[in-house]
Structures are given as C-alpha cells and as structure tokens.
Amino acid sequence: MTDPAPSIPPRRDRIDMPQKMAWRRIVFALLVAASVAAMLGLMAYTLGDGGLDVVDWLMLACFAVTLPWSVIGFWNAVIGFALMRLARDPAALAAPVVRLGRGNDAISGRTAILVCTRNEDVARLQLNLAEMIAGLIATGAAPHLHLFVLSDTGQPGIAAAEEEMAARLAARFGATLPITYRRRQANPGFKAGNIRDFCQRWGGDFDFALVLDADSFMSPAAMLRLIRVIAADPRLGIVQSLVVGRPSLSPFARIFQFGMRLGMRSYTLGSAFWQGDCGPYWGHNAIIRLAPFIAHCALPVLPGDGPLAGDILSHDQVEAVLMRRAGYEVRVLPEEAGSWEENPPTLLEFIRRDLRWCQGNMQYWKLLAMPGLRPVSRFQLALAILMFIGSPAWMLLVALATFRGLLIETQGPVFRPETGLLLFFLAMGMTFAPKIASILDILFRPGAADGFGGALRFIASAVLETVFFAVLAPIMAVAHTVFIGGLVVGRAIGWTAPVREDHRVTLAAAAQRLWVQTLCGIGLLAWFAVMAPGALGYGIPFFAPLLLAIPFAMLSARRDLGAVLRRLGLAAIPEEVTPPSELARLGPPGLVGGAQVTADAADGD
C-alpha cells in the first residue's frame, strides 16, 4: 500500500513534543525489556535445579510469550498510578489534547454522526438515538451535524423496522438535525466497508465523522467535546474517547464492567503517557478527520485463502496505524466522561465477541511488514497478536507444568520452590496491577469510593471481581486455544449480530459451547488424582474453573442474581449509584430507580 504525500499543518506547541515523547518511549521500552529479562531469568533459575532440559526450554519459551501483556500492563499501571496520585491534572499530563475540548467554544465544521448497525434490536437502537439527537438539538449545535444510520442488516424484517425507525426519527427531529438512512444489500468489508461506503457517497461533504456502534451511547457534551478537540488541531486524525460500560442487571456484564472500570483508567493513563500520538482507536465512540481518512485509511484485502485472508475483521487498529503513517495523530482522551457501551450479557456472547476479535487480530500477521509504519504502530499490531497467542502459550505452559508434577511424585522437587513462589506472586501482581492501582487510588481519594457504593461495598466488589476473573481466565484461554487451532485448519467465525439483551443460558446451550473446557477440567483432575496426587493443590487454579465452566455460564446470566447484586450494592459503578441525567432519562436496566422504556417513549408519546 502506498499513499500520496500528506499535506499536514505545522505542529502545535505541546508538552509532548517529539523529543520528549521519544524519551518517554525509550525509558518505557527499557523498563519493559528489563522486566521481561528479569522474569525470564527468575523462571530459568527456578526451573534450573539440576539443569535445563528440553521441557524447561519449552516452558521458558511459553512463559516469554505470555509476558509482554502483563509486563506492559504493570508499567502502564505504575505510570498511571503515579499520575493519579501526584499530578494535578493526570489526563492532561498524559494526553495534553484533553485541554483542547474543555471550553465551550462554538462548534465549527460539519460533522457526520455515523451509527453502524447490523441485525440489531431496533427498539433499543431507537431509544439511544432519540435521546442523543434530542440532547444535541438542545445544545444548539444541530446546524453543524447530520446523523447517518448505516445499516448492513441482512434480515428483511429487521431492515423494514430500521426504515420505519429512521422515518419516525426524521419526522420528529429531521427539520432541525438531518437524518439519513442507508442500507447495503451486501456487506463487503464488514463494518469498515460500511463506513468506506459512506465516505465514497457523502464523505466529501463533511469535515469529521463521529463513529458510533449500535450499542454506543454518548452524552451531548461528550460528543461536542470530541468535535471541539479535533477541530482545534488540524494535525489530529483520530480522537478516541474512553468508553465504559453501561449499568446492567446481567451478573456477567455487571461484574465484568466493574473490573474493566477498575483497570481501565490507570492502564489508559499509563499507555497514553508513552504512546502519545500513536494512540488506540477502538472503532466507536470516536471522531475521525475525514479527508485523511478517505485518502490514507482504505483497508487492504488480504491475499490468499482461508480465514486470515480477505476483508479485515479488526479494522480499527489498522486504520489507526494507517492514519499515523500518513502523518496525522491518533489520540485517546483518558477520562471517563459521558461515553458508554453495552457489554455482553453472558459468557457465551462474550466468547463469541472475543473469538471474532481473535480472528481479526490474527490477520495482522499479514500486515506486520507493511511499509512506512511507525515503530510504535508496528509494535501495537504485534502486541494485538500476542494478546491471543498468549492463551495457547499459557495452556502449553500449564500442560508442561502438569507433566513436571509427575516427576515431583517420582523424583522429588524438580524446581526451586522458594523462587517458584516468588515468581508466581510477581506474575499475579503484574497481571492485576492495573486494577490494584485503581483500587488504591479510589480508596486513597476522599469520596471516590462513594461512587461505587461506599468503601466496604467497593472492597467486597473488588474481591468478587477477582474471583470472577480467576474463573473466567482459564475458560477464555481454552476458547482462544481451540479457536486458533481451528484457524490453522481453515475454520472461521465471521461477523454475526450480538445478543445484547439479558437472557437465560440453558444447560444445553452452555454444554454445547463449553464442553471442551469441561472435558479439559475433567482430564486435568483425573491426571493429578491418578498420576500426581501430591501436586493436586497446584492444579486447582487450573482445572477447577474449567470444571465450573457450564454452571458459571448459567449462573452468571441469571437476571435474578443480578437483581440481588444490585440490592446489595455489589459490582456497582458510578452511573448506577448516581445516574447521569442522560442515562436516567434513557432508563437502562441496572440503574437505581431506573425503569424500562418502551419504543413509544422514543417517539415522544
């Protein structure tokens, strides 16, 4: 892929000038490299009681593959925690562009609001859109805005409902804020192709595009802030808001998004500090500058056959690195401010979404050698691959460690237990570092825990989420491993519509999707019980979650359990404890005192 030479205005005077950002990245890279080397050295010493054999070297290799994400997460958390505790304005120090959008400057330029949908629940979509449109009109910014509902829906019944919805919204709001509905009969390129089609038809008429998913919801202030930020600096190509989960009665979504909320702020602050103008793009709740996006960010169709060829599924990070290659900045605003999404309500839906991301990230193998990419951008693509490759590496590491358990029974200890325990706690500490950093910051900051129901409920919720994550991680590791194995033999998942509504998971559905995890759990338990009963305690963290996979999927989908958690104030998030006015009017499940709203309400009846 080649691009025409970009024409970019001079750089603004910023705190994170190239020289300072280069030093941040060099220091961060040295910290990560030193930490990885130290962890590998400690692992080699632990295994080397009597020398390293082939199995030891394989375990070292697997351990090395699992390290980058945890080590980078650790140092992101350290930086983020330092910023949160020591800086007067942590977000502005990590990402100075946040200052550009804090005023009430008049909106300039023309912005298209793109809502991408495919086979979604139309009533839920209409509720979101009606509230966002009404809020934007109330700000007086409507003359600069145009809403596009970009449908890739393949089911005629849903498509007809979408057209009716768009007509209702246009009748109510269209005279003030124009609304256009467009449906593609086929969906080449998936979501990226959907947006590319908009760019070809209407892109030249607008300066910016604010991209939303069907489950996205943003306050008017958050949307206008994105417009102000990108309009204030012509070097900005993509500006990504920090997206958090909306309140939910699903136990799975509730606990999962509580955990995300814990880790996200410290992690994002830390990563923004060194990534700088090579920030992330998550494909929604973000704004893009259309001229360079149209000129430079068209995705390639990957050559060859099989699931890793053809259209790119995980388009967002590729578009980010292409925008950066063209010389424009990609920035994240590391603040929680009016930008929400819905998380999968069940384990089965979560696995479905994660495997689609897995397939998309594995396609990055074919993009690593793309010419002209910035070093940080190339590293980000490699890290996205490692996010999923780490699962089979971890599984193989567990299998090899299990094999070593047999030798303990016959030969006595084959590793140094004192350093092995130290290594375990270091690895766990790095894995949980982003959450630990946020927990400490919330507990140390006066009144911060009140947003989570108070200090005692917050601590209890953090313990609950830790147990939840300990069960979820092995289940997902098996899912990733099996799926990546399927990719090797040509199996793919494609792009299917998610189920966002809370729903019950039956025994049959859970067993159909999680029988492999259950079988692995039974196999590990049997192996330890028969071959290495003395090492059975070491295996519990691995086989117990797998044995619990099916009941865990069923229990974590029970709405009545979610209602109990809500009554107890466990896994609550600030939007539930003190609902923002926008969410309170929308009335999603999970809000204190919130009520379900029907589609009639969105019609203004």
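One is the number of the first residue; the rest follow in order along the sequence.
- By the 30° and 60° cut-offs, the orientation of the rings of Phe432 relative to Phe469 is perpendicular.
- Only one option out of Ile442, Leu443, Leu464 pairs with Ile459 in a side-chain contact (heavy atoms from CB on, under 4.5 Å); it is Leu443.
- Summarising the local packing, CG of Leu86 is surrounded by more than 12 heavy atoms from other residues, nucleotides or ligands at distances under 6.0 Å.
- Of the charged side-chain nitrogens involved, none lies within less than 4.0 Å of a carboxylate oxygen, so that Lys191 and Asp316 do not count as a salt-bridged pair.
- Test Phe552, Phe350, Phe258, Phe256 against Phe468 for ring pair (Phe, Tyr, Trp, His ring centres under 6.0 Å) and you get one pass: Phe552.
- Side chains of Ile389 and Met362 form a contact here, defined as non-hydrogen atoms less than 4.5 Å apart.
- Across all non-hydrogen atoms, the minimal contact from Leu93 to Ala87 is CD2-CB, 4.0 Å.
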Start with the C-alpha distance between Asn285 and Ser216, add both sets of side-chain angles, then the distance that settles side-chain hydrogen bond (donor to acceptor under 3.5 Å, both in side chains), and finish with yes or no. CA-CA 7 Å; Asn285 296 46; Ser216 298; 2.6 Å; yes
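- Not a single salt bridge (charged side-chain N to carboxylate O under 4.0 Å, His left out) links Asp450 to another residue, sequence neighbours left out.
- Contacts classified as ring pair (Phe, Tyr, Trp, His ring centres under 6.0 Å) and involving residues 555-584 (residues at least two apart or in different chains) are not found.
- At a threshold of 4.5 Å between non-hydrogen side-chain atoms, the residues Leu31 and Val78 do not count as touching.
- Between Trp274 and Phe28, the two ring planes are parallel [angle under 30°; tilted spans 30° to 60°].
- The shortest distance between side-chain heavy atoms of Leu487 and Phe388 does not fall below 4.5 Å.
- Side-chain contact between Pro251 and Leu555: absent, with no pair of heavy atoms (C-beta onward) separated by less than 4.5 Å.
- Electrostatic pairing of Glu576 and Arg566 does not count as a salt bridge here, judged by no charged N lying under 4.0 Å from a carboxylate O.
- Listed by chain and residue number, Ser35 satisfy the side-chain hydrogen bond (donor to acceptor under 3.5 Å, both in side chains) test with Trp75 (two or more places apart in sequence, or in another chain).
- With a 4.5 Å cut-off on side-chain heavy atoms, Phe543 and Val398 do not count as touching.
- Exactly one residue among Arg261, Arg246, Arg254 makes a salt bridge (charged side-chain N to carboxylate O under 4.0 Å, His left out) with Glu575. That residue is Arg261.
- Contact between Arg353 and Pro344 at its shortest, heavy atoms only, is NH1-CD, 3.5 Å.
- Sorted by first and then second residue, the salt bridge (Lys or Arg N to Asp or Glu O under 4.0 Å) pairs involving residues 462-473 (not counting sequence neighbours) are Lys435-Glu465.
- For Val577 against Ala572, the heavy-atom pair with the smallest separation is CG2-CB, 4.0 Å.
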In residues 473-483, what donor-acceptor pairs under 3.5 Å come from side-chain atoms, sequence neighbours left out?
{"residue": "His480", "atom": "ND1", "partner": "Ser391", "partner atom": "OG", "Å": "2.9"}
{"residue": "His480", "atom": "ND1", "partner": "Met476", "partner atom": "O", "Å": "3.4"}
{"residue": "His480", "atom": "NE2", "partner": "Asp354", "partner atom": "OD2", "Å": "2.6"}
{"residue": "Thr481", "atom": "OG1", "partner": "Ala477", "partner atom": "O", "Å": "2.7"}

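- For Arg25, the salt bridge (charged side-chain N to carboxylate O under 4.0 Å, His left out) test picks out Asp277, with sequence neighbours left out.
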